Amino acid sequence: MRRILTGFLLLMALASVFPVGFLLAGSLMGNGELSDLLGPVLLGREGYASWRLLPLYPTLRSYVEVLLDSPEFFVMFWNSVKITFGVLIGHLAVATPAAWGFAKFAFPGKKVLFTIYIALMMMPFQVMMLSDYLVLDGLGLLDTLAGIILPAVFSTFPVFIMYRFFEGIPDSLLESARLDGAGELSIFWRIGLPLGSPGILSAMILGFLEYWNLIEQPMAFLKTKSLWPLSLYLPNISMEDAGMAFASSALVLVPAVLVFLAGQDYLEQGIISTALKE
């Protein structure tokens, strides 16, 4: 039974890894080889698309074209960096004190307000798109990076993640600090942030993985191509540049993989905390 279970898990693991192998193999193929394999799908040729795990004639030409001959790649890469880190800095400034307030302060309407937070967290972007569009239009933030960053700063999901960790800090520890004369800001800075750092890092990692690959908001709110992030650049590469598409996708994947590997333990803690009930 154990062998069957191990084999099944191994099979699922290979199925999960296969798209990455597919991507890396494609990034090492020339446009001619990609055209032969994917032509029936992308170019309307007769027959069926096929694939091979290893390229017949491996080449780094696509990477050279992306890194040396495609300045727009770096412009959009920098746009992705500005959007992602702008949102994460906003989460630190807004979501962290909000989560601390929900976890450690009692005030009228707390449960109702937190329920509203959770309800907003479960709403997809499409539900809020029209209202977001009208607000951003009224503020004059359409077709700007600020119009993408500002709504994301007030996302409720990082509040929910951090709240679970702050809630686990013993109230007796805070009371002891108050008896010693510590103010609320000092308690938050010297006790809340250090002890809640796993939750904060978990929210930052999840936020990075989400906003690094953001596509719907930029597609809806950005018209100027020079403001596009990489998530909009990749789908617009034509079949003639299929090799560049694979190479660009592989390069975009690298930061996400590095962040995931560096914060895997904190990410697991964050996922576990969201599954715990009070």
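It should be emphasised that the depicted structure is a prediction, and the values quoted were computed from it without experimental measurement.
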| said: Taking atom CZ as the centre, does F8 end up with more than 12 heavy-atom neighbours from other residues, nucleotides or ligands that are less than 6.0 angstrom away? | reply: no

| field | Over all atoms of both residues, closest heavy-atom pair of A146 and L141 | value | CB-CD2, 4.2 Å

| remark: Taken in chain and number order and not counting sequence neighbours, the residues that satisfy side-chain contact (heavy atoms from CB on, under 4.5 Å) with S155 are H91, F157, P158, Y211

| What heavy-atom pair brings V66 and S248 nearest, and what distance separates the two atoms? | CG2-OG, 3.4 Å

| query | Does L173 reach the side chain of L195, with side-chain heavy atoms less than 4.5 Å apart? | reply | yes

| message | Run the side-chain contact (heavy atoms from CB on, under 4.5 Å) test against V135 and tell me which residues pass, sequence neighbours left out. | response | L139

| Point-to-point distance, once rounded to the nearest 0.5 Å, from CZ of R164 to OG of S202 | 13.0 Å

| task | Evaluate the side-chain contact (heavy atoms from CB on, under 4.5 Å) criterion for residues F260 and F208: first the C-alpha distance (whole Å), next the side-chain angles of each, then the deciding distance (0.1 Å), finally the verdict. | result | CA-CA 9 Å; F260 174 81; F208 182 92; over 6 Å; no

| Pairwise distance CG(L24) to CG(L54) - rounded to 0.5 angstrom | 11.0 Å

| request: Return the minimal non-hydrogen interatomic distance between M244 and S70, and the atom names on each side. | output: CE-OG, 3.1 Å

| Got a second to check how far K111's NZ is from F114's CZ, nearest 0.5 Å? | 12.0 Å

| request: Give a yes or no on whether the backbone of S226 and the side-chain of N79 come within a donor-acceptor separation of less than 3.5 Å. | output: yes

| Single-linkage hydrophobic cluster, 4.5 Å side-chain cutoff, L258 and L230 together | no

| request: Determine the minimum heavy-atom distance between K82 and L145, stating which atoms define it. | output: CE-CD1, 3.7 Å

| request: Please answer whether the main-chain N or O of S172 pairs with a side-chain N or O of S176 as donor and acceptor at a distance below 3.5 Å. | output: yes

| query | Atom OG1 of T156 and atom CD1 of I116: how far apart are they, to the nearest 0.5 Å? | reply | 11.5 Å

| query | If you look at every heavy atom in W228 and L222, which pair is closest and at what distance? | reply | NE1-O, 3.9 Å

| task | Check whether any side-chain heavy atom of T59 lies under 4.5 Å from a side-chain heavy atom of L28, and answer yes or no. | result | no

| said: Taking atom CG as the centre, does L9 end up with more than 12 heavy-atom neighbours from other residues, nucleotides or ligands that are less than 6.0 angstrom away? | reply: yes

| field | Side-chain heavy-atom pair V252, F77 within 4.5 angstrom cut-off | value | no

| task | Tell me, please, which residues at least two apart from Y63 pass side chain to side chain donor-acceptor pair (under 3.5 Å). | result | S27

| Would you say the side-chain atoms of S197 pair up with the backbone N or O of P194, donor to acceptor, closer than 3.5 Å? | yes

| Do the non-hydrogen side-chain atoms of P229 and T84 ever get within less than 4.5 Å of each other? | no

| query | Is the side chain of E33 donor-acceptor paired with the backbone N or O of L56 at a distance under 3.5 Å, no angle test? | reply | yes

| message | Quick check: closest heavy atoms across V87 and A152, and the distance to 0.1 Å? | response | CG2-CB, 3.6 Å

| Residue list, side chain to side chain donor-acceptor pair (under 3.5 Å) with S62, at least two apart or on another chain | none

| query | Can you hop from Y163 to M122 via hydrophobic side chains spaced under 4.5 Å? | reply | yes

| said: Any heavy-atom pair between the side chains of W212 and V81 that's under 4.5 Å? | reply: yes

| field | Check: L251 and F73 side chains under 4.5 Å, non-hydrogen atoms | value | yes

| field | ILVMFWY network linking V94 to I89, side-chain heavy atoms under 4.5 angstrom | value | no

| Parallel under 30°, tilted from 30 to 60°, perpendicular over 60°: which one fits the rings of F107 and F102? | tilted

| Single-linkage hydrophobic cluster I149~L134, side-chain heavy atoms < 4.5 angstrom | no

| Interatomic spacing from CE in M162 to CG in L193 - rounded to 0.5 Å | 9.5 Å

| note | Sequence neighbours excluded, the answer for side-chain contact (heavy atoms from CB on, under 4.5 Å) partners of I187 is W100, L174, A177, R178, A182, E184, I191

| query | Should F221 and L150 be regarded as members of a common hydrophobic cluster, given that ILVMFWY residues are connected when their side-chain heavy atoms come within less than 4.5 Å of each other, either directly or indirectly? | reply | yes

| Does any non-hydrogen side-chain atom of L136 lie less than 4.5 Å from one of T144? | no

| remark: Taken to the nearest 0.5 Å, the spacing of M129 CE from E216 CD works out to 8.5 Å

| request: Specify whether F188 and F166 have parallel, tilted or perpendicular ring planes, treating 30° as the upper limit for parallel and 60° as the lower limit for perpendicular. | output: perpendicular

| said: Side chains of L92 and M204, heavy atoms from C-beta outward: is any pair under 4.5 Å? | reply: yes

| request: Mind running side-chain contact (heavy atoms from CB on, under 4.5 Å) on L232 and I215 for me, showing each step along the way? | output: CA-CA 6 Å; L232 292 188; I215 189 168; 3.6 Å; yes

| remark: Hits for side-chain contact (heavy atoms from CB on, under 4.5 Å) against L201, two or more places apart or cross-chain, chain-then-number order -> Y266

